[in-house]
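In what follows, chains carry the letters A, B, and so on, assigned in the order in which the sequence lines appear, proteins first and then strands, with residues in each chain numbered from 1. The structure displayed is predicted, hence computed values, not measured ones.
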Amino acid sequence: MAISKSTGSTPSRLADVRARMEHIPLIRRHQFVFSFLAVLVAYGVFLLPGSGTPNFLGWVAVVAFVLLALAWAVIVFTDELKPEYLKTILVFVLLALGGWLYYRYSTGRWSEMTQLFFNVKIIKRALPILIQGFWTTVLMAVAAALMSTILGLLLAVFRSFGNPVLNLFIVAYVDFFRSMPIIVLMMVIYYALPFLNIRLSAIMSGIIALGLNSSAYVSEIFRAGFLSIKKGQFDAAHALGLTPMQTMRLVLLPQAIRVVLPPLVGNYVASAKDTALASAISIIELLKAGLSQKSLLANPSPLIFSAVLYLVMFVPLTRMAGLLERRMKAGVRQVRL
Amino acid sequence: MNPKAALPDAAQKFLRTHPAWFKLVRRPVFLAVTFALVAAYALLVLPQPGTASPAWLYSSIALFLLLVLAWSGNVLADKDKPEILKLAVSLLLIAVLGWLFYRYSGAQWGRLIEFFFNFKKLKGNWWILRDGLGVTLLLAVISAAGSVLVGLTVAVLRAYQSRTLDLFLKIYVDVFRSAPMVVIMVVLFFALPYVGISLGSILTTVVALSLGYGAYASESFRAGIEAVHSGQIEAARSLGLSRWQTIRMIILPQAIPVVIPPLTGNMVSMLKDTAVASLVAAPELLKRARELYTSKTNPTALVAAALIYLVVLIPLVRVVNVLEKRYNKGSQ
Amino acid sequence: MNGTSITDKMIEVVDLHKHFKDLHVLKGVNTSVTRSEVVAIMGPSGGGKSTFLRCLNRLEEPSSGHIFIEGVDIMAPYIDINKVRTEIGMVFQSFNLFPHLTALQNVKLAPIHVRRISAQEATERGMALLEKVGLKDKAHAYPEKLSGGQQQRVAIARALAMQPQIMFFDEPTSALDPEMIGEVLDVMRAMAREGMTMLVVSHEMGFIREAADRVLFLADGQIVEEGTPAQIFGDSKQVRTQDFLSKIL
């Protein structure tokens with residue numbers, strides 16, 4: 001399109017901009033964005049209820065405001081032409097807005113937040129139990145991992161024999177323990193078995209439940225590992241004169257470990273997370289410690305501390321496990337079933 | 001040509017220098033002898049139940065198990081042994097394991113029916129379990145929808161590649177994938193009331209499940225989006241489609257089939273995690289079963305609940321397996 | 001070189017039979033291979049060619065019959081088959097390189113662990129062999145990064161590293177794209193010229209005509225016909241052979 005008649009070094013930039021803007025959809029145009037913002041500000045100043053807990057209509061107004069603000073934020077965020085620094089500022093503005101809204105409508109318990117959730121004095125008092133809970137969690141995770149690895153390996157080896165009778169049992173076992181929710185399994189072992197005279201301590205029940213469940217997945221992982229080694233590898237190794245022992249050591253094991261390690265680590269991490277379920281059968285692991293101390297000291301700080309501890313433990317572990325899996329296979333990330 | 005001619009020089013370098021132990025353990029004589037030894041061990045060495053110290057009991061049983069597994073493994077792994085023998089050995093192995101368990105569990109197996117399958121005690125109360133199942137399924141369905149919503153939104157927003165937004169969303173995903181579901185539920189249910197937010201048990205469960213599994217779902221969706229070849233995106237953009245249009249018409253339709261297997265796996269896991277909601281007082285199956293167990297002092301309700309979970313979940317797990325296999329075949 | 005002494009007969013096969021459950025795959029094969037001879041084995045698929053080759057180094061256990069390598073009955077209990085295998089190098093249709101090792105490590109593995117030579121010597125030998133097959137610059141590449149033809153050449157170097165007296169090739173070029181077949185056949189031709197005793201199962205007519213001293217036509221588990229390439233391709237006596245040749249020529 002013609003820009004303008006030549007007036008030297010500055011063609012009509014206005015026409016240029018206008019021409020370009022015709023291709024921009026409505027919601028991206030500066031005018032729209034700023035007018036929307038103005039509407040939001042007006043809404044916030046005039047239409048929002050005053051401080052204190054609002055009534056039902058008030059809640060509706062607040063929720064509508066929040067949704068509108070979010071919509072505006074999404075429009076800005078998803079605009080690739082808007083500069084990055086603007087979006088960063090926007091994030092903090094949104095957070096501040098959220099905090100202000102909360103402060104205004106939550107009957108002013110803001111100053112109490114620290115007292116409630118991050119009360120150092122209370123946490124110090126709860127610390128011994130919390131630490132004990134932490135170590136119990138670690139103990140259970142390690143014991144379950146050991147048990148599941150040994151069991152799973154045995155199951156996978158016996159499955160590799162191809163015997164129909166064994167396969168039936170093993171497949172049934174795997175299906176059973178993959179489908180049973182762990183918490184139900186723990187409760188059955190701890191509460192129901194004593195009626196048959198099988199009395200296991202709470203910790204043993206927890207470890208056994210975790211170990212049994214995990215072993216089903218471990219056996220499938222090992223099985224996949226065995227299957228992943230192509231038959232030709234053995235041919236080549238034997239043709240070179242390697243003994244069966246050497247073949248196992250130099251050819252089979254290195255390959256199998258590479259295939260099996262990432263999903264195995266992922267399984268151990270998931271199993272460790274499941275130790276938190278043991279709180280259901282009164283084992284003083286980390287979660288239960290936090291809960292009981294919260295009740296005892298009438299303050300949720302211990303619980304928050306436990307939760308934060310879980311995050312501190314598992315965010316790095318989960319990332320590491322994910323990294324391992326990604327190095328192994330390109331494809332869809334899968335949740336352990 | 002006489003095969004038994006005098007050994008030529010070449011034979012020297014081919015001679016076996018170590019005995020073939022491998023061949024030895026496969027010989028029938030060896031197998032018979034070791035079988036007899038293991039049987040003798042079972043009859044003579046294993047202690048009567050309740051007569052030995054725990055240390056001796058556990059170690060002798062462990063050793064016995066080791067021997068039995070090694071012996072049967074040796075037979076079953078041998079390609080040259082006839083199938084019928086291997087079948088017999090496998091049945092024998094199962095029988096021995098069963099016998100071990102029966103002998104040493106000290107359990108009153110005769111009272112199994114009385115305590116685990118005492119349906120008389122449950123008479124008239126089946127509706128409680130049925131209600132619980134209904135709540136379980138309801139929770140699962142609503143949370144499934146919630147998690148898909150959350151996951152899709154997060155994945156699409158992350159596809160826009162705003163660094164800041166991506167960072168915050170990444171934090172969300174990392175936190176909710178790493179935290180155990182029970183911790184999320186418990187914190188939401190027990191800590192939030194202190195700041196005046198008191199969601200009921202059902203709402204807490206739905207929110208917790210949606211947020212938690214939404215994080216997993218978003219990763220699945222992201223992987224699905226990334227699985228769409230970048231050439232497709234380039235072609236779409238060069239045709240003039242906007243980012244939103246590209247996502248809606250090109251990426252999503254191709255990503256969905258890739259995403260179905262992990263997503264359905266997600267949902268089945270979520271169904272299992274509804275049982276955790278019993279800890280935050282949601283009236284789902286496990287909680288109602290526990291109530292019945294307490295009121296009747298008979299664990300039949302728990303066992304019944306466990307069976308119901310199995311009946312519902314095993315087929316679902318199988319279905320997801322099939323889906324996974326189908327997807328893997330298609331992509332390779 | 002004494003042409004009739006026993007040790008010149010590198011391989012001697014007497015009445016070899018092989019059963020797979022109910023299937024009688026090899027029905028009495030008799031043949032022999034002398035030093036430096038290049039023998040090609042042809043025939044329809046399922047005829048037993050691969051099975052025959054694999055029986056010779058006992059990758060498959062023969063059901064009955066005798067096999068003599070350098071005059072020694074390799075089925076005898078006092079013989080360590082792994083030692084026999086060090087004298088026979090084998091190259092497979094699907095290469096079978098070890099994926100967790102680089103090309104050089106693949107080549108070095110057996111000399112170090114079976115022949116027990118030092119690592120340094122194995123490295124030197126390995127590099128020399130890789131250079132011989134034209135892959136010196138790929139010594140530290142992993143198999144997944146190599147093309148099919150390159151992988152097969154590494155496989156040949158790996159087999160040669162054991163300094164075998166005999167080389168077996170089980171359809172070495174069947175899994176290769178056409179443009180890579182030539183580089184592998186070149187290596188094989190060079191080996192034949194240097195006097196290696198070779199047994200090659202293949203359909204590559206050009207190579208067989210050029211390099212093979214003898215052709216065995218194996219069908220239905222038996223040697224239907226054998227002779228020089230000229231005899232087999234030009235003037236075959238058996239109907240079966242003519243039938244097969246007409247289909248592939």
| request: Using non-hydrogen atoms and a 4.5 Å limit, figure out which bit of B:Ser278 sits close to chain A: side chain, backbone, both or neither. | output: side chain
| request: For each of B:Leu271, B:Leu302, B:Leu286, B:Val312, tally heavy-atom pairs with chain A at distances under 4.5 Å, and name the one with the top tally. | output: B:Leu286
| field | Toward chain B, the part of A:Ser279 with a non-hydrogen atom under 4.5 Å | value | side chain
| request: Evaluate the ring planes of A:Tyr191 and B:Tyr293, with Trp represented by its six-membered ring, and classify them as parallel (under 30°), tilted (30 to 60°) or perpendicular (over 60°). | output: tilted
| message | I'd like to know if B:Glu284 and B:Lys287 make a salt bridge, using a cut-off of under 4.0 Å between side-chain N and carboxylate O. | response | no
| request: Please state whether the side chain, the backbone, both or neither of A:Leu291 comes within less than 4.5 Å of a heavy atom of chain B. | output: side chain
| field | Heavy-atom contact with chain B under 4.5 Å, split by part of A:Phe117 | value | side chain
| note | Distance col, row B:Thr136:OG1 vs B:Ile308:CD1, nearest 0.5 angstrom, shows 9.0 Å
| query | Got a second to check how far A:Met186's CE is from A:Ser282's OG, nearest 0.5 Å? | reply | 11.5 Å
| Got a second to check how far B:Phe176's CZ is from B:Met181's CE, nearest 0.5 Å? | 8.5 Å
| note | Most heavy-atom pairs under 4.5 Å with chain A, out of B:Val187, B:Leu279, B:Leu69, belong to B:Leu69
| message | Tell me which of these, A:Thr318, A:Leu166, A:Val184, A:Asn163, has more heavy-atom pairs under 4.5 Å with chain B than the rest. | response | A:Asn163
| said: A quick test of your reading: do over 12 heavy atoms of other residues, nucleotides or ligands sit less than 6.0 Å from CZ of A:Phe169? | reply: no
| query | Parallel under 30°, tilted from 30 to 60°, perpendicular over 60°: which one fits the rings of A:Phe161 and A:Phe158? | reply | perpendicular
| Per-residue contact mode, A:Leu168 against chain B (heavy atom under 4.5 angstrom) | neither
| field | Largest heavy-atom contact set with chain B, pairs under 4.5 Å, which of A:Leu286, A:Leu317, A:Leu277, A:Val188 | value | A:Leu277
| request: Check each atom of B:Leu76 against the heavy atoms of chain A and say whether the ones under 4.5 Å are side chain, backbone, both or neither. | output: both
| field | Side chain, backbone, both or neither of A:Val174 within contact of chain B (heavy atoms, under 4.5 Å) | value | neither
| said: Between B:Lys86 and B:Glu83 (salt bridge meaning N to carboxylate O under 4.0 Å), is one present in this structure? | reply: yes
| query | What part of A:Ala172 gets closer than 4.5 Å to chain B, counting heavy atoms only: side chain, backbone, both or neither? | reply | neither
| said: At a 4.5 Å cut-off on heavy atoms, which part of A:Leu287 comes close to chain B: side chain, backbone, both, or neither? | reply: side chain
| Reported CZ-to-CZ distance for the pair B:Arg177 and A:Arg319, which is rounded to 0.5 angstrom | 9.0 Å
| said: Let's test your reading of the structure: which of A:Leu185, A:Val165, A:Ile304 forms the most heavy-atom pairs below 4.5 Å with chain B? | reply: A:Val165
